Each structure stands twice: as C-alpha cells, then as structure tokens.
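Bear in mind the structure is a predicted one, so any value in this text is a computation, not a measurement. Proteins get letters first, then strands, A, B, ... in listed order; numbering begins at 1 in each.
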Amino acid sequence: MERADIVGGFVAELRRGTVILCVLASLGEPTYGYSLMETLGRTGIPVEANTLYPLLRRLEGQGLLASAWDTGGAKPRKYYSLTEFGREIREELKERWQSTVQNMNQILEVAL
Amino acid sequence: MNNELIRRYIYAVASCMPQKTQTEVERDLENMISELLEARCGGAEPAEGDVRAVLGQLGAPGELAVNYSGDESRAFIGGIYLMWFRKALKIVLPIAAAGVALASLASALLEGRATQEVAAFAAETAARCMFGAAEGAGWGFVWVTLIFRVLERKRVRLNGEDFLSKLPPVPDRRARMKPHEPIVQMLWCMLVAAIFLGFPQIISGYSEATGWLPALNVGYIRAHWYLMVLFAAFGLARELFRLVRRRYDLCVLLVSGAANVLGGIAASLLFGSGRIMNPAFIESLGPMFGGEAFVYQVFGHVNLWLLALVWFALLVDTGLAAYRALRRTREG
C-alpha cells in the first residue's frame with residue numbers, strides 16, 4: 001500500500017469520528033443542508049454531500065435535530081435545527097472532545 | 001425536478017431502502033439534489049451535464065443508500081456488501097428452502113411403504129419437508145455469508161464506474177410489486193405441491209356403504225410425482241423472477257406467460273389422464289347419488305375440473321401480469 005493511501009485512510013478515520021460534532025457545533029441556528037456544507041468547507045472540514053445529507057437525516061431520526069420545510073422562497077428548503085436533546089449531546093461531546101485533545105497533546109509531547 | 005435521470009437515480013437509491021422509509025428518503029434526495037443543482041447553476045435551468053456532474057458526485061445509488069441506512073463497515077459484513085448480502089439472502093433462502101423441501105417430499109414419496117398408515121406417513125413426510133426446508137435455508141445462509149465475507153475482504157467492487165447509464169427505469173407506482181407478493185405465491189406453490197403429493201386423499205367422497213373414498217388415484221399421483229414437482233418448479237421460477245424484478249413490465253409478462261404455459265402443460269399431463277381417477281371412487285358414485293347421470297358426470301371427472309381450475313388460475317395470473325405491464329408501458 002502506498003504511503004499516501006495509508007495516511008489518507010487514517011485522516012478519513014479521524015474525520016469520520018469528528019464530523020458529527022462538527023455538524024452539531026455548526027447548527028447554532030436553523031440551517032439548510034447545502035449552507036451547512038459550505039460552512040463546514042470554509043472552516044477546513046469539507047464534508048461530501050453524500051455523507052452530510054444522510055447524516056442529517058440519521059441525527060434527526062435519533063432526535064438530535066429537528067427539521068422544518070421553508071416554503072417561502074422560490075423552492076422549498078429543509079432547515080435543520082438542534083433539539084434540546086441535541087444541545088445536551090453536543091455539550092457532552094464537546095467536553096469529551098476537549099479532554100481527548102488534552103490527552104492526545106500530552107501523548108504527542110512525550111512521544112516527540 | 002422533472003429530469004428523467006434524477007427520477008431514475010432517486011428511485012434506484014430509494015429501492016435499496018426499507019419500504020417504510022422510501023417516501024421520506026425520496027423527498028430528502030429531491031431536496032439534496034435540488035440544493036446541489038441550485039448551488040452549481042444559480043437560478044439557471046440545469047443542463048444535462050450539470051445533472052450528471054451532481055449525481056456523479058453523489059456516487060453509486062447503492063453506496064448512497066448505505067450512507068442513509070447507516071450500516072457502517074464494522075460488522076462481519078458491512079456497507080455496500082451488507083445491502084447486496086440482504087438482497088441475495090432474500091432470493092437464495094426461499095429457493096434453497098423450497099428446493100430441499102421438495103426434494104425431501106419426493107424422496108419420502110419414493111420411499112413410502114405401502115403398509116404404512118396414512119396418518120403416520122403424512123406426519124413423517126411433513127416433518128421431513130420442514131427439516132429439509134430448515135436445512136436448505138441454513139446452508140443457503142452459510143454459503144451466501146461466506147461468499148460475501150470473501151467479497152468484502154477482497155474489496156471486490158459491486159458497482160461499476162458508469163452507474164448513471166445503468167440506472168433502472170422508474171416504474172409507475174401501480175406497476176411496482178411489493179416483495180411479499182411473490183414470496184406468498186412461492187409459499188402457495190410449495191403448499192399446493194406438498195398437499196397434492198403428500199395428501200391427495202384430501203379430495204374424497206363419502207357414502208354409508210363405502211365410507212370415505214379418495215377421488216384421486218394416490219398410487220398414480222405418487223408414480224407421476226415429477227409432473228407436480230415440475231408444475232411447482234415453474235411457479236417458483238415465475239415468482240422468483242418477479243421477486244428479482246420487483247415490477248410488472250414486458251419481461252415479467254413474457255416470463256410469466258412462458259412459466260404458466262409450461263406449468264399448465266405439466267398439470268395437463270398429470271390431471272388430463274383418466275387414470276388419475278380412483279376406480280373405486282367412480283364405482284361408488286352410483287350408490288352415493290342413486291345413479292343420477294348429471295352427478296356422475298360432475299364427480300366422475302374431478303380431475304378435469306381440477307385441471308380447468310389450474311388453467312383458469314394460470315390465465316388470470318397471466319392476464320393480470322399483462323394488464324399491469326401494458327398499462328405501465330402505455331403510461332411510461
């Protein structure tokens with residue numbers, strides 16, 4: 001296996017683990033799918049449409065997100081927002097993330 | 001969004017999903033594709049190239065369906081392989097179970113001892129068929145699991161690059177087939193074969209003088225068991241094709257017509273012969289009905305009535321398949 005493939009695989013694994021927290025953290029206010037994809041892309045976390053939209057649907061199914069159709073514009077749009085339960089989960093994940101980052105930094109400092 | 005390619009893509013993804021979520025997923029996909037096209041083209045009408053680019057970016061329908069279902073590749077069989085694994089199981093398990101059950105039935109009939117009591121024979125045959133069906137399904141499951149495990153380990157691609165040119169056409173909603181329909185029909189075919197081969201005495205007549213007498217010649221039916229197995233096999237093949245196709249179209253019509261004609265021929269060879277009637281039953285009709293010629297005509301040819309019923313059922317099935325397929329072709 002090529003070096004680039006190996007690194008690419010690890011990076012994809014890392015991203016896969018963080019994308020849910022990124023989505024929950026980016027949903028401060030009701031947002032539609034493509035807008036969220038652009039926001040994530042601008043902040044250096046590009047997520048493919050074929051990953052993001054199914055993920056939004058799954059999070060909605062788990063009760064973390066709620067959706068509503070906005071039919072006011074030229075085309076109806078589906079807006080997603082965090083539910084109360086989603087906010088609680090986001091806060092918990094955020095704490096876990098910060099603790100993981102701290103631990104990781106310690107490990108990396110010792111190793112390097 | 002009236003683009004045919006989009007409609008076919010959405011249908012291809014949704015048809016990989018469980019039926020209860022299909023409508024929601026279809027709506028979700030329409031929304032996603034609409035947003036992606038709008039971002040790509042602004043307010044302008046998307047060209048065919050734009051549609052192809054957006055759908056190409058979303059990937060093969062099977063892979064997108066896996067993302068929607070959330071079946072990540074963590075299990076023994078996961079991801080796109082899990083989706084195809086489930087589809088393969090739906091086809092292989094009924095065939096394996098039906099095949100081994102029919103073979104068990106045929107074997108029981110060939111080995112059946114003349115001295116054995118009917119009830120004991122029936123119970124033994126039913127048990128052999130049930131165990132045979134379970135064994136067939138079990139082996140089918142084991143083999144399909146092993147094959148898909150190997151495919152996943154070897155990372156064999158199950159979707160080609162050019163998936164857009166291979167998208168299935170969207171059938172009219174009324175031409176779509178619910179998966180339980182062919183499965184119920186397959187079970188019905190097996191049940192009919194099992195009853196006729198195992199318990200042909202079910203069609204009997206009663207008189208005080210003779211007691212219960214089977215109308216059909218049990219020995220003749222068991223000696224010609226292969227005709228009933230053929231009749232059931234053509235029915236199973238027809239339903240299996242429908243199960244794979246999942247919609248009524250000209251292909252389903254042609255296969256149904258051919259299977260029904262062949263099944264009808266097998267049934268005619270079995271029921272058409274006068275020897276299938278029990279001579280003792282025919283002789284007993286006089287004492288039963290006091291020599292009424294009309295009654296004799298009706299009950300003396302039970303085999304032909306059964307054959308007429310079979311042909312009627314096959315004609316109705318072919319007619320319904322033709323009606324649904326032709327309506328779809330006209331509207332499509």
- [ ] Mind listing the closest non-hydrogen atom pair of B:L64 and A:P54 along with its distance?
- [x]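 Closest approach of B:L64 to A:P54: CD1-CG, 4.0 Å.
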Open item on the list: For a quick test of reading the model, state the closest non-hydrogen atom pair linking A:A49 to B:M32 and the distance between them.
Closed with: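 Shortest heavy-atom contact: O-SD, 3.8 Å.
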Open item on the list: I want to check something: taking the side chain as every heavy atom from C-beta on, are B:D28 and A:K78 in contact at a cut-off of under 4.5 Å?
Closed with: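 Counting from C-beta outward, B:D28 and A:K78 do come under 4.5 Å.
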Open item on the list: Is any side-chain heavy atom of B:E38 closer than 4.5 Å to one of A:R77?
Closed with: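 Side chain of A:R77 against side chain of B:E38, heavy atoms only: contact under 4.5 Å found.
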- [ ] Hey, could you give me the CG/CZ distance between B:N31 and A:R57, rounded to the nearest 0.5 Å?
- [x]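 Nearest 0.5 Å value for the CG-CZ distance: 12.0 Å.
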- [ ] To the nearest 0.5 angstrom, please state how far the OH atom of A:Y53 sits from the CG atom of B:N67.
- [x]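 One finds 14.0 Å between OH of A:Y53 and CG of B:N67.
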Open item on the list: Run the salt bridge (charged side-chain N to carboxylate O under 4.0 Å, His left out) test against A:E84 and tell me which residues pass, sequence neighbours left out.
Closed with: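 Expected list: A:R87.
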TODO: Enumerate by number any residue of residues 18-46 of chain A whose heavy atoms lie under 4.5 Å from heavy atoms of chain B; in the absence of such residues, state 'none'.
DONE: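 A:Y32, A:G33, A:Y34, A:M37, listed by number.
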- [ ] Count the heavy atoms belonging to other residues, nucleotides or ligands that lie under 6.0 Å from CH2 of A:W69, then report whether that count exceeds 12.
- [x]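 Result for CH2/A:W69: enclosed.
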